[in-house]
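Nothing here was measured: the structure is a model prediction, and the numbers come from that model.
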Amino acid sequence: MNIIFQIDGGLGKHIMATAMVKVLRKRYKNSHIVVSAAYPDVFLNNPHINECFNTNQMNGAYLKYVKDKDCKIFVADPYHHTSFITEKEHLYKTWCKIYGLHYNNEQPEIYLTQPEKDYFSPFYNTDKPIMAIQPNGGPSAQPFKYSWTRDIPESTINEIIQHYKDSYSIVHIKREDQYLYPDTMQALDGFRSIAILLQLSKKRLLIDSFGQHLAAALNLKSTVCWITTKPKIFGYKLHDNIQANPFTKEPQIQNTVYQPFDLSQDIHSIPYYNLDEIFNTNKIIESLNK
């Protein structure tokens, strides 16, 4: 049987989908599993699939995998399901539910090669242990460089950098258009090199973005900060999940549709009187020191 599994969305969702292909392989042991993805390099060397293509290169799939073939096609997006919208359960459980699969705590996995490790590791050779930070998320096309709904405020990050800069080489995972913090190094482009950075790091401060999924895929316990998204939906028990302080102002949600907040949201809508109210910095530092 041919199994076609399509993933839509960002890099973090694709990393999560590596757990889903493990579920599919358990259910369809002898099937030919084809992945259609916007980030096909997430599935490099993955033993649970047979082929992976960029979604834009799936022309001809009908004749090759569907026409007159025994096949199943999994393209439904869990983000459109009631259980996700109403925040009833973890995304993995919803994903499996809509495909008629059983979720048994499968976790994401990334398969790095030794040549990759040998090539990228020297770029992160420092005289101090490494702390990796990802205070901001989202693709380069998003309208705001800082989104209060999931990014760690600049003042909080600066305080953490000042606390650790003498003891750690702090490597900042960032987009080119995002703020460059003093006393930090910039991570190399490409998430696979960042995976190697995470493996080399001794401490990791992340948000609900691809970094925390990547750390989970590598079984690296990290401190992950959350504001409007929830570890109940997107998180991992492996991590130390730090929830933001309660809002100090009434949130503006009267014109929202299915969910109260967007991942990328304007600073004018922030339900705090100032950015220092969002996180208890000492709590983050305590977590990093564990």
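Aromatic ring centres of W148 and F261 lie closer together than 6.0 Å. For Y103 and Y92, the distance between ring centers is under 6.0 angstrom. Here Y272 and F247 bring their ring centres to under 6.0 angstrom of each other.
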Would F43 and F53 satisfy ring-ring contact (aromatic ring centres under 6.0 Å, His included), going step by step from the backbone distance to the final call?
CA-CA 10 Å; F43 298 91; F53 299 99; over 10 Å; no
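Residue-environment remark: NZ (K202) stays at or below the threshold of 12 foreign heavy atoms within 6.0 Å. Heavy atoms of other residues, nucleotides or ligands lying less than 6.0 angstrom from NZ of K88 number 12 at most. Crowding of K72 atom NZ: a count of heavy atoms from other residues, nucleotides or ligands under 6.0 Å not exceeding 12. The environment of NZ in K221 is crowded: more than 12 heavy-atom neighbours from other residues, nucleotides or ligands sit within 6.0 Å. Sparse packing is recorded around CD of E176, with 12 or fewer heavy atoms of other residues, nucleotides or ligands lying under 6.0 Å away.
The cationic group of K13 lies under 6.0 Å from the six-membered ring centre of Y79 and within 45° of the ring axis, placing it in a cation-pi geometry. Judged by the 6.0 Å distance and 45° axis criteria, K174 is not positioned over the aromatic ring of Y179.
When each of K22, K26, R27 is paired with E106, the salt bridge (Lys or Arg N to Asp or Glu O under 4.0 Å) condition holds for K26 and for no other.
In the model, K93 has no side-chain atom that pairs as donor or acceptor with a side-chain atom of S83 under 3.5 Å.
When all heavy atoms of L198 and R204 are compared, the pair lying nearest together is O-NH1, 3.5 Å.
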